[in-house]
Peer 1: 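There's a structure below that I have some questions on.
Numbers here simply count residues along the sequence, with the first being 1. Treat the numbers as computed from the prediction; the structure is a model and nothing was measured.
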Amino acid sequence: MIDCPAATTNDINQVDRYEAADAHARLAAHPLFAAEPATVSALAVSMQVFQAMPGAWLFREGASAGCCLLITTGRVEVLRLGKDGQERVHSLFDAGQLVAESALFMAHARYPMSARAQTQVRGYRLPRAALRLACASSPGFALRMLDWLGERIYLRTNEVDWLAASSAPQRLAAYLLALPITGNAVRIPIGRQQLAGRLGMRAETLSRLLSAWRRQGRLQGNRRDWRLCDPAFLRGLCSEATRPF
(Lines give C-alpha, C1' and ligand atoms only; values in the text may rest on other atoms or scores of the structure.)
Protein backbone atom coordinates (compact mmCIF):
# COMPACT_ATOMS: atom_id res chain seq x y z
CA MET A 1 0.00 0.00 0.00
CA ILE A 2 1.07 3.57 -0.54
CA ASP A 3 2.12 5.79 2.36
CA CYS A 4 0.40 9.16 2.64
CA PRO A 5 2.36 12.26 3.64
CA ALA A 6 2.12 12.73 7.38
CA ALA A 7 1.60 16.49 7.38
CA THR A 8 1.38 19.57 5.23
CA THR A 9 4.59 21.19 4.10
CA ASN A 10 5.80 23.90 1.77
CA ASP A 11 9.03 22.08 0.98
CA ILE A 12 9.15 22.13 -2.82
CA ASN A 13 12.14 19.77 -2.62
CA GLN A 14 9.77 16.82 -2.05
CA VAL A 15 9.55 16.45 -5.83
CA ASP A 16 11.75 17.58 -8.67
CA ARG A 17 10.89 20.66 -10.70
CA TYR A 18 9.16 18.69 -13.44
CA GLU A 19 6.98 16.81 -10.97
CA ALA A 20 6.10 20.00 -9.06
CA ALA A 21 5.02 21.71 -12.29
CA ASP A 22 3.17 18.60 -13.42
CA ALA A 23 1.33 18.30 -10.08
CA HIS A 24 0.29 21.95 -10.35
CA ALA A 25 -0.97 21.53 -13.93
CA ARG A 26 -2.87 18.31 -13.19
CA LEU A 27 -4.56 19.80 -10.15
CA ALA A 28 -5.49 22.99 -12.00
CA ALA A 29 -7.10 20.92 -14.77
CA HIS A 30 -9.46 19.17 -12.33
CA PRO A 31 -12.95 20.78 -12.24
CA LEU A 32 -12.90 21.08 -8.44
CA PHE A 33 -9.80 23.29 -8.54
CA ALA A 34 -10.10 24.94 -11.96
CA ALA A 35 -11.21 28.35 -10.63
CA GLU A 36 -8.96 28.32 -7.56
CA PRO A 37 -5.39 29.26 -8.63
CA ALA A 38 -4.26 30.26 -5.13
CA THR A 39 -5.57 27.00 -3.68
CA VAL A 40 -3.88 25.00 -6.44
CA SER A 41 -0.53 26.66 -5.74
CA ALA A 42 -0.85 25.99 -2.01
CA LEU A 43 -1.82 22.35 -2.48
CA ALA A 44 0.58 21.41 -5.27
CA VAL A 45 3.67 21.79 -3.09
CA SER A 46 2.32 19.22 -0.60
CA MET A 47 1.60 16.54 -3.23
CA GLN A 48 3.83 13.50 -3.65
CA VAL A 49 4.18 11.06 -6.52
CA PHE A 50 3.10 7.43 -6.16
CA GLN A 51 3.22 4.46 -8.52
CA ALA A 52 1.57 1.05 -8.25
CA MET A 53 1.60 -2.15 -10.26
CA PRO A 54 -1.61 -3.96 -11.29
CA GLY A 55 -3.25 -5.64 -8.29
CA ALA A 56 -1.46 -3.50 -5.70
CA TRP A 57 -3.55 -2.16 -2.84
CA LEU A 58 -3.48 1.63 -2.59
CA PHE A 59 -5.39 1.69 0.68
CA ARG A 60 -7.58 -0.68 2.66
CA GLU A 61 -11.03 -0.21 4.16
CA GLY A 62 -10.71 0.99 7.75
CA ALA A 63 -7.19 2.36 7.39
CA SER A 64 -6.45 5.93 8.44
CA ALA A 65 -7.45 8.30 5.60
CA GLY A 66 -4.25 10.31 5.33
CA CYS A 67 -4.61 11.40 1.71
CA CYS A 68 -6.68 11.29 -1.44
CA LEU A 69 -5.26 10.37 -4.83
CA LEU A 70 -5.11 12.25 -8.12
CA ILE A 71 -4.67 9.69 -10.91
CA THR A 72 -2.49 10.68 -13.87
CA THR A 73 -2.25 7.33 -15.69
CA GLY A 74 -3.96 3.98 -15.30
CA ARG A 75 -7.16 2.83 -13.61
CA VAL A 76 -8.09 2.33 -9.95
CA GLU A 77 -11.00 0.24 -8.65
CA VAL A 78 -12.69 1.06 -5.34
CA LEU A 79 -14.35 -1.93 -3.71
CA ARG A 80 -15.65 -3.62 -0.62
CA LEU A 81 -15.56 -7.23 0.46
CA GLY A 82 -19.10 -8.43 1.19
CA LYS A 83 -20.11 -10.68 4.05
CA ASP A 84 -20.40 -13.46 1.48
CA GLY A 85 -16.70 -13.04 0.67
CA GLN A 86 -17.36 -11.55 -2.77
CA GLU A 87 -15.69 -8.36 -3.94
CA ARG A 88 -18.08 -5.58 -4.91
CA VAL A 89 -16.53 -2.94 -7.13
CA HIS A 90 -18.33 0.34 -6.47
CA SER A 91 -16.38 2.71 -8.73
CA LEU A 92 -13.61 2.89 -11.31
CA PHE A 93 -11.30 5.91 -11.56
CA ASP A 94 -9.18 6.90 -14.55
CA ALA A 95 -6.62 9.58 -15.36
CA GLY A 96 -7.62 13.04 -14.19
CA GLN A 97 -9.93 11.84 -11.40
CA LEU A 98 -9.68 12.17 -7.63
CA VAL A 99 -10.03 9.07 -5.44
CA ALA A 100 -11.30 9.20 -1.82
CA GLU A 101 -11.49 12.98 -1.39
CA SER A 102 -14.75 12.59 0.57
CA ALA A 103 -13.00 10.29 3.09
CA LEU A 104 -10.80 13.22 4.16
CA PHE A 105 -13.87 14.98 5.58
CA MET A 106 -15.35 12.06 7.53
CA ALA A 107 -15.29 12.36 11.32
CA HIS A 108 -13.79 8.89 11.78
CA ALA A 109 -10.95 9.78 9.35
CA ARG A 110 -10.87 6.26 7.86
CA TYR A 111 -11.30 4.96 4.33
CA PRO A 112 -14.82 3.50 3.96
CA MET A 113 -13.68 1.26 1.08
CA SER A 114 -10.51 -0.24 -0.35
CA ALA A 115 -8.71 0.88 -3.51
CA ARG A 116 -6.64 -1.31 -5.81
CA ALA A 117 -4.70 -0.63 -8.99
CA GLN A 118 -6.49 -2.35 -11.88
CA THR A 119 -3.65 -1.45 -14.26
CA GLN A 120 -0.26 0.11 -13.72
CA VAL A 121 -1.04 3.41 -12.01
CA ARG A 122 0.79 6.67 -11.45
CA GLY A 123 -0.49 9.73 -9.67
CA TYR A 124 -0.15 12.14 -6.77
CA ARG A 125 -1.07 11.89 -3.11
CA LEU A 126 -2.84 14.94 -1.70
CA PRO A 127 -2.60 15.01 2.12
CA ARG A 128 -5.71 15.23 4.27
CA ALA A 129 -4.28 18.06 6.37
CA ALA A 130 -3.44 20.13 3.28
CA LEU A 131 -6.91 19.82 1.75
CA ARG A 132 -8.69 20.60 5.02
CA LEU A 133 -6.42 23.61 5.57
CA ALA A 134 -7.25 24.88 2.07
CA CYS A 135 -10.96 24.75 2.96
CA ALA A 136 -10.39 26.53 6.26
CA SER A 137 -8.32 29.23 4.53
CA SER A 138 -10.68 29.93 1.61
CA PRO A 139 -14.46 30.17 2.12
CA GLY A 140 -14.91 30.20 -1.67
CA PHE A 141 -13.04 26.94 -2.07
CA ALA A 142 -14.88 25.44 0.92
CA LEU A 143 -18.18 26.15 -0.84
CA ARG A 144 -16.88 24.54 -4.04
CA MET A 145 -15.92 21.48 -2.01
CA LEU A 146 -19.41 21.32 -0.48
CA ASP A 147 -20.96 21.57 -3.95
CA TRP A 148 -18.63 18.85 -5.20
CA LEU A 149 -19.38 16.45 -2.35
CA GLY A 150 -23.09 17.24 -2.54
CA GLU A 151 -23.11 16.19 -6.20
CA ARG A 152 -21.40 12.92 -5.28
CA ILE A 153 -24.08 12.25 -2.63
CA TYR A 154 -26.84 13.02 -5.14
CA LEU A 155 -25.41 10.57 -7.69
CA ARG A 156 -25.04 7.84 -5.07
CA THR A 157 -28.59 8.42 -3.83
CA ASN A 158 -29.88 7.93 -7.37
CA GLU A 159 -27.83 4.74 -7.74
CA VAL A 160 -29.21 3.27 -4.50
CA ASP A 161 -32.77 4.15 -5.51
CA TRP A 162 -32.27 2.60 -8.95
CA LEU A 163 -30.84 -0.60 -7.46
CA ALA A 164 -33.82 -0.93 -5.13
CA ALA A 165 -36.53 -0.13 -7.68
CA SER A 166 -35.23 -1.70 -10.91
CA SER A 167 -35.11 -5.23 -12.30
CA ALA A 168 -31.94 -7.12 -13.20
CA PRO A 169 -32.44 -6.54 -16.98
CA GLN A 170 -32.94 -2.81 -16.38
CA ARG A 171 -29.77 -2.52 -14.33
CA LEU A 172 -27.68 -4.41 -16.88
CA ALA A 173 -29.05 -2.32 -19.76
CA ALA A 174 -28.30 0.93 -17.92
CA TYR A 175 -24.77 -0.26 -17.11
CA LEU A 176 -23.98 -1.21 -20.72
CA LEU A 177 -25.28 2.09 -22.08
CA ALA A 178 -23.19 4.03 -19.54
CA LEU A 179 -19.93 2.45 -20.78
CA PRO A 180 -17.74 4.29 -23.33
CA ILE A 181 -19.05 3.26 -26.75
CA THR A 182 -16.92 3.08 -29.91
CA GLY A 183 -19.28 2.49 -32.80
CA ASN A 184 -21.55 0.03 -31.05
CA ALA A 185 -18.72 -1.72 -29.20
CA VAL A 186 -18.22 -1.63 -25.43
CA ARG A 187 -15.71 -3.22 -23.10
CA ILE A 188 -16.76 -4.23 -19.58
CA PRO A 189 -13.84 -3.17 -17.34
CA ILE A 190 -14.45 -5.65 -14.49
CA GLY A 191 -14.93 -9.40 -14.21
CA ARG A 192 -18.25 -11.23 -14.39
CA GLN A 193 -18.44 -11.87 -10.63
CA GLN A 194 -17.59 -8.26 -9.80
CA LEU A 195 -20.12 -6.94 -12.31
CA ALA A 196 -22.86 -9.12 -10.85
CA GLY A 197 -22.11 -7.80 -7.38
CA ARG A 198 -22.15 -4.21 -8.59
CA LEU A 199 -25.52 -4.70 -10.28
CA GLY A 200 -27.05 -6.45 -7.29
CA MET A 201 -27.62 -9.83 -8.92
CA ARG A 202 -26.18 -13.33 -8.85
CA ALA A 203 -23.46 -14.21 -11.36
CA GLU A 204 -25.74 -16.91 -12.75
CA THR A 205 -28.49 -14.35 -13.40
CA LEU A 206 -26.03 -12.10 -15.22
CA SER A 207 -24.81 -14.98 -17.38
CA ARG A 208 -28.36 -15.99 -18.28
CA LEU A 209 -29.26 -12.43 -19.25
CA LEU A 210 -26.22 -12.00 -21.48
CA SER A 211 -26.82 -15.38 -23.11
CA ALA A 212 -30.52 -14.61 -23.72
CA TRP A 213 -29.77 -11.21 -25.25
CA ARG A 214 -27.12 -12.76 -27.45
CA ARG A 215 -29.58 -15.40 -28.70
CA GLN A 216 -32.16 -12.68 -29.38
CA GLY A 217 -29.64 -10.64 -31.38
CA ARG A 218 -29.56 -7.80 -28.86
CA LEU A 219 -25.83 -8.28 -28.22
CA GLN A 220 -22.83 -9.92 -29.81
CA GLY A 221 -19.63 -10.85 -28.04
CA ASN A 222 -18.24 -12.72 -25.07
CA ARG A 223 -16.49 -12.15 -21.76
CA ARG A 224 -15.67 -8.41 -21.62
CA ASP A 225 -16.03 -7.32 -25.25
CA TRP A 226 -19.54 -6.78 -26.60
CA ARG A 227 -21.35 -5.11 -29.47
CA LEU A 228 -24.70 -3.45 -28.80
CA CYS A 229 -26.81 -4.66 -31.74
CA ASP A 230 -30.09 -3.21 -30.45
CA PRO A 231 -29.38 -0.05 -28.41
CA ALA A 232 -33.04 1.00 -28.67
CA PHE A 233 -34.06 -2.14 -26.79
CA LEU A 234 -31.58 -1.33 -24.02
CA ARG A 235 -32.66 2.31 -23.84
CA GLY A 236 -36.27 1.22 -23.55
CA LEU A 237 -35.44 -1.00 -20.59
CA CYS A 238 -33.61 1.67 -18.61
CA SER A 239 -35.67 4.75 -19.53
CA GLU A 240 -36.98 4.91 -15.97
CA ALA A 241 -33.46 5.71 -14.76
CA THR A 242 -33.56 9.09 -16.50
CA ARG A 243 -34.20 11.90 -14.03
CA PRO A 244 -35.38 15.46 -14.80
CA PHE A 245 -32.38 17.01 -12.98
Side-chain angles (χ1 to χ4, degrees), residues 1-54 56-60 63-78 90-153 155:
M1 292 185 289
I2 64 171
D3 294 320
C4 293
T8 58
T9 176
N10 288 324
D11 183 7
I12 196 65
N13 294 321
Q14 289 185 73
V15 295
D16 63 28
R17 290 182 182 273
Y18 167 78
E19 289 173 340
D22 183 63
H24 188 284
R26 303 270 188 179
L27 200 61
H30 191 280
L32 175 59
F33 305 98
E36 300 287 338
T39 298
V40 168
S41 296
L43 290 175
V45 296
S46 70
M47 296 169 70
Q48 295 183 3
V49 176
F50 78 91
Q51 298 186 64
M53 298 301 292
W57 291 102
L58 305 180
F59 54 79
R60 292 273 198 169
S64 177
C67 62
C68 63
L69 309 177
L70 178 61
I71 308 304
T72 59
T73 59
R75 172 172 285 173
V76 171
E77 53 188 15
V78 172
H90 287 256
S91 301
L92 296 173
F93 295 87
D94 295 304
Q97 293 185 294
L98 280 172
V99 181
E101 70 276 18
S102 60
L104 307 191
F105 296 91
M106 295 178 181
H108 52 62
R110 297 181 180 276
Y111 293 115
M113 300 186 189
S114 301
R116 183 171 60 200
Q118 191 181 81
T119 65
Q120 187 169 348
V121 173
R122 186 182 187 278
Y124 292 96
R125 299 167 291 180
L126 177 55
R128 177 178 187 268
L131 190 58
R132 292 174 67 93
L133 179 61
C135 290
S137 303
S138 171
F141 177 65
L143 286 174
R144 286 180 65 88
M145 179 60 72
L146 285 173
D147 287 343
W148 179 262
L149 296 179
E151 179 68 15
R152 308 278 81 72
I153 293 172
L155 293 174

Peer 1: With heavy-atom distances below 4.5 Å as the criterion, would you say the side chains of Tyr111 and Arg60 are in contact?
Peer 2: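 Answer no - side chains too far apart.
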
Peer 1: Would you indicate whether the side-chain heavy atoms of Arg128 and Cys67 approach each other to under 4.5 Å?
Peer 2: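 Heavy-atom side-chain distance check fails, nothing below 4.5 Å.
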
Peer 1: Has Ser137 got a side-chain atom pairing as donor or acceptor with Leu133's backbone, closer than 3.5 angstrom?
Peer 2: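 Present.
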
Peer 1: Say whether, by atom type as modelled, one donor and one acceptor occur between the side chain of Arg144 and the main chain of Pro31 under 3.5 angstrom.
Peer 2: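 Yes, because the side chain of Arg144 sits within donor-acceptor range (under 3.5 Å) of the backbone of Pro31.
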
Peer 1: Minimum heavy-atom separation for Phe50 to Leu69, with atom names?
Peer 2: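 Closest approach of Phe50 to Leu69, heavy atoms only: CE2-CD2, 4.0 Å.
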
Peer 1: Show the nearest heavy-atom pair for residues Ser41 and His24, with the distance to one decimal.
Peer 2: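 Scanning both residues completely, I find the closest heavy atoms to be OG-NE2, 3.3 Å.
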
Peer 1: Main chain of Leu43, side chain of Ser46: is a donor-acceptor contact present, judged purely on distance under 3.5 Å?
Peer 2: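 Looks like yes, one N/O pair under 3.5 Å.
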
Peer 1: CE of Met47 to CZ of Arg26: how many Å apart, nearest 0.5 Å?
Peer 2: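 So the CE of Met47 and the CZ of Arg26 are separated by 10.0 Å.
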
Peer 1: Would a 4.5 Å heavy-atom cut-off, applied to side chains only, mark Pro112 and Met106 as touching?
Peer 2: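 When only atoms from C-beta onward are counted, Met106 and Pro112 do touch, with a gap below 4.5 Å.
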
Peer 1: Let me confirm one number: the CZ-CG distance from Phe105 to Leu146, rounded to the nearest 0.5 Å.
Peer 2: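 Nearest 0.5 Å value for the CZ-CG distance: 8.5 Å.
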
Peer 1: What are the two closest non-hydrogen atoms of Arg132 and Leu104, and how far apart are they?
Peer 2: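 Heavy atoms only, the tightest pair is NH1-O, 3.0 Å.
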
Peer 1: May I ask you to decide if Gly74's main-chain N or O and Thr119's side chain share a donor-acceptor pair within less than 3.5 Å?
Peer 2: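 Not a single qualifying donor-acceptor pair exists.
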
Peer 1: Find the distance between CZ (Arg122) and OG1 (Thr73) and round it off to the nearest 0.5 Å.
Peer 2: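 Arg122 CZ to Thr73 OG1: 7.0 Å, rounded to 0.5 Å.
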
Peer 1: Carefully, step by step, assess Ser138 and Glu36 under the rule side chain to side chain contact (heavy atoms under 4.5 Å, CB included).
Peer 2: CA-CA 9 Å; Ser138 171; Glu36 300 287 338; 4.1 Å; yes

Peer 1: How close do Phe141 and Leu32 get, counting heavy atoms only, and between which atoms?
Peer 2: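 Phe141 and Leu32 have their closest heavy atoms at CE1-O, 4.0 Å.
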
Peer 1: Taking Glu19's backbone N and O only, do any of them form a donor-acceptor pair with Tyr124's side chain (distance below 3.5 Å, no angle check)?
Peer 2: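 A pair under 3.5 Å: yes.
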
Peer 1: Ignoring hydrogens and angles, tell me if any N or O in the side chain of Glu151 forms a donor-acceptor pair with the backbone of Trp148 under 3.5 Å.
Peer 2: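 Looks like no, no N/O pair under 3.5 Å.
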
Peer 1: Measuring from atom OG1 of Thr72 to atom CD of Gln97, what distance do you get when rounded to the nearest 0.5 angstrom?
Peer 2: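 Reported value, rounded in 0.5 Å steps: 12.5 Å.
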
Peer 1: Does Leu70 reach the side chain of Leu126, with side-chain heavy atoms less than 4.5 Å apart?
Peer 2: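 No - every pair of side-chain heavy atoms lies 4.5 Å or more apart.
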
Peer 1: Would you name the heavy atoms of Ala52 and Leu58 that are closest together and state the gap between them?
Peer 2: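 Scanning both residues completely, I find the closest heavy atoms to be CB-CD2, 3.5 Å.
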
Peer 1: For Val76 versus Ala115, what's the shortest heavy-atom pair and its separation?
Peer 2: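 Closest approach of Val76 to Ala115, heavy atoms only: CG1-CB, 4.0 Å.
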
